[in-house]
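All values below were derived from every heavy atom in this structure, side-chain atoms included, with hydrogens, water molecules and symmetry-related copies excluded. Below, chain A is the first sequence line, B the second, and so on; all start at residue 1.
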Amino acid sequence: MSQRRVLHVFEQYQNARTQFVQMVAELATRSQNIETLQNAGVISLLRPLLLDVVPTIQQTAALALGRLANYNDDLAEAVVKGDILPQLVYSMAEQNRFYKKAAAFVLRAVGKHSPQLAQAVVDCGALDTLVICLEDFDPGVKEAVSGALGFIARHNAELSQAVVDAGTVPLLVLCIQEPEIALKGVAASALSDISKHSPELAQTVVDAGAIAHLAQMILNPDANLKHQVLMALSQIAKHSVDLAEMVVEAEIFPVVLTCLKDESDHVKKNASTLIREIAKHTPELSQLIVNAGGVAAMIDCIGSCRGNIRLPGIMMLGYVAAHSENLAMAVIISKGVPQLSICLSEEPEDHIKAAAAWALGQIGRHTPEHAKAVAVTNALPVLLSLYMSAGSTEDLQTKCKKAIKNILQKCTYLPALEPFLYDAPPNILKHVVGQFSKVLPHDSKARQLFVTSGGLKKVQEIKAEPGSILQEYINSINNCYPEEIVRYYSPGYSDTLLQRVENYQPPTK
Amino acid sequence: MQDCVSNQKSLQPGGEVAGKGLGNIQRRWRGYKIRKYCFNYYYLKNYLRAVSETNEAIREALDEFAEMKAREKKKADLEREEKERTDRARKMHYLLSTKQIPGIYNSPFRKEPDPWEMELRKVRLVREPRPQVKQTCSACPEDWLPCPRHHSLPQAEILPPINRKKCQGPFRQVEEVLAQRYKPMELTLRASEPFTDFKEEREELRRQECACNISDSMFLPFSNYHKNKKYLPLIHSSSKYGPASYGYQSFRDENPRKWICSKDFQSVLPSFELFSKFGKSYSKAGQII
């Protein structure tokens, strides 16, 4: 009987500890409790409980620590300073899967805040243990560990290199082949975090054979997984032509185009990003995308969404059009220009407008045909007003100016140019008048129209420095017309006429 | 081309004119080459037509794909809704009208019963399986740590039946009898705690210590103070611990070859059955109370 009583004491003590860690773990889920918990010295109290004899108490203590560290970087730093990480790492390899999961959660929560904290996690030798746990049988453990590795690798190239050096990449590639959807997603995200920093790291991921497996998962119905996979592929493809070609060789076209029609905005955005990263490298890759119908799909996608989601798509159109005039023509015949003009006028954010202006400039800068295609969608006045508007950012203004300049220098479509004579600032007016001076000498109908629409009159009113380029342009326009008509439209002509009337001596008989 | 060549032939004699003809040929050839190989208008036109055709095809295919997805989603939504409806009807099945009494959805003052009544009629009641009573773990002391419940108060999974009629006669209270009948099994101390308990506990403790030890180096609080002193162990702790051999070998000799099995017998004291049942049953010292 006395043995039972002894055990009863232990049982009571154990109940109290269990209750304590459970309550702390629960309280840590609400942000308003965090400060109180921190002031009560919760971290130093939880630390010994990590070494408790009872596994459930250990796990719950680790969970509570993870939640606390997840909340802000102060607490994460407190966890690091409390020397908790070595304990966790040490006991992680030998404990059961629940403890491994909880410990990986703590490491993730600490490592996610800043490169310094992630470095602290690496310094306490966590990577080797995490790699061992990545070989665990339980998918939940693998998921937690992959998440922790991803958060560590996310910060910079050195940390990412450390993660790679620990030998994680082949194991992560194995993880994306597991049947569990959540595990696949987290592993794909970790791979994308690793490969985003440098071409070498991306090459390591490619060498482990990740691309083929990632490409297979594009058709998976799960939106989150698709989003992570597309992200990983775009992070790999962005570095160099070779890597982009390897991604393309995995036959992602035209499968990836279906993702542009997806319901989830994340998937749309990442699919657009992937296509953009591939298109930006070479004309050949852009051509491949055009031939697969990627441009049309992208234009539809831009039309179906708003805001930041359409940004990569807009940029992709710009990149494709920038490579060559044939590709720019392909964008035009896919009805890309009207869509870009819509983006330019209806998007509220300046950086998206800037991207659209840039893309339009890239499309219109090749030949007069291209410039006309842009000009007929009425994009030029919008560009001009954005350039003139005081509310636009500097970046937007320079992009608009460049686009206007690019388009105007090729534009021979005079009806679109004419409004510019009236409301353009001098630095743009120069190009407009220049275009007129090039076209008018060869086109008699245009000369006539130019006079009747009042263009000639406007040109005479322009004050140009004698000897400047603008003055030269004006002179060459004036040379296309008989002198009388030029004089007729010059300002002050009525006065000179009157003067002549005054001076005129009628012949007396 | 042809006439140009003939032109050149005809103009062969004059040097000046020949140069002019040569320029003519080169100009023509350059134009021909550019149009044929570098910038072939018809080729470009065909290419652009092909691109726009592909675009159309892709647009159609993608639209179809999106439509299919939307249809699938709609179907899944409908199915889910239907299931929810059925579940709700199943829960409210008791509101169905009977032969005698109309239910609340079947008001006699209205011409037609509520559509929900039809829904209730359609649904088939499924009896839910009784929740399985969990098998309590063996009360082995090794696993009392992770699950403290087993050593706390016994929880009655099956509630005793109620509304039993009280029997006439000099019987005990029904509750008392039921409590006695349904009380969980209590093992005797001898059965619940094996003899090797102590050993196993110690082994377990050693394992835990091994696993949870952070650093292998000993904790040395005043390392500087004792740095130069050589540690001299006590005789008591350095000499071998054990019984003195005197008299042991000769007086209590035993011959292992005569043992019938390799293991030694363990001497165990019998427990007093009666004590462990004290106050828990109706009998007291063998007599019914």
Turns out that what part of B/E53 lies under 4.5 Å from chain A's heavy atoms comes down to neither
Cut-off 4.5 Å, heavy atoms of chain A, and the answer for B/L48 is both
Could A/D262 and B/K69 be called an ion pair, given the rule that one side-chain N must be under 4.0 Å from one carboxylate O?
no
*asked:* Can you confirm whether A/F98 is buried at CZ, in the sense that more than 12 heavy atoms of other residues, nucleotides or ligands lie under 6.0 Å from that atom?
replied: no
CD (A/E325) and CG (B/L44) are apart, to the nearest 0.5 Å, by 8.0 Å
Greatest number of non-hydrogen atom pairs under 4.5 angstrom with chain B, of A/N291, A/L260, A/T258, falls to A/T258
Closest non-hydrogen atoms of B/T54 and A/A292, given as atom of the first, atom of the second and distance, are CG2-C, 4.3 Å
Using side-chain heavy atoms (C-beta onward) and a distance below 4.5 Å, is A/L257 in contact with B/F65? no
Taken to the nearest 0.5 Å, the spacing of B/L62 CG from A/C259 SG works out to 10.0 Å
May I ask you to check whether over 12 heavy atoms, not counting those of B/E64, lie within 6.0 Å of atom CD? no
Closest heavy-atom pair, B/I58 versus A/A297, reported as atoms and distance to 0.1 Å, is CG2-CB, 4.1 Å
Problem set entry | Student check: side-chain heavy atoms of A/M329 and B/V51 closer than 4.5 Å | no
What do you reckon, is CD of A/E369 surrounded by more than 12 foreign heavy atoms closer than 6.0 Å?
-> no
Comparing A/H8, A/Q95, A/Q58, A/K261 against chain B, the one with the most heavy-atom pairs below 4.5 Å turns out to be A/K261
query = For B/M68, does the CE atom sit with more than 12 other heavy atoms under 6.0 Å from it, leaving out its own atoms?
reply = yes
(request) Look at atom CZ of B/R90 and say whether more than 12 heavy atoms of other residues, nucleotides or ligands are closer to it than 6.0 Å. (result) yes
Margin query: Could you walk me through whether A/I299 and B/R59 satisfy the side chain to side chain contact (heavy atoms under 4.5 Å, CB included) test, starting with their C-alpha distance in whole Å, then the side-chain angles of each, then the deciding distance to 0.1 Å, before giving a yes or no?
Written below: CA-CA 10 Å; A/I299 290 164; B/R59 277 189 170 126; 4.0 Å; yes
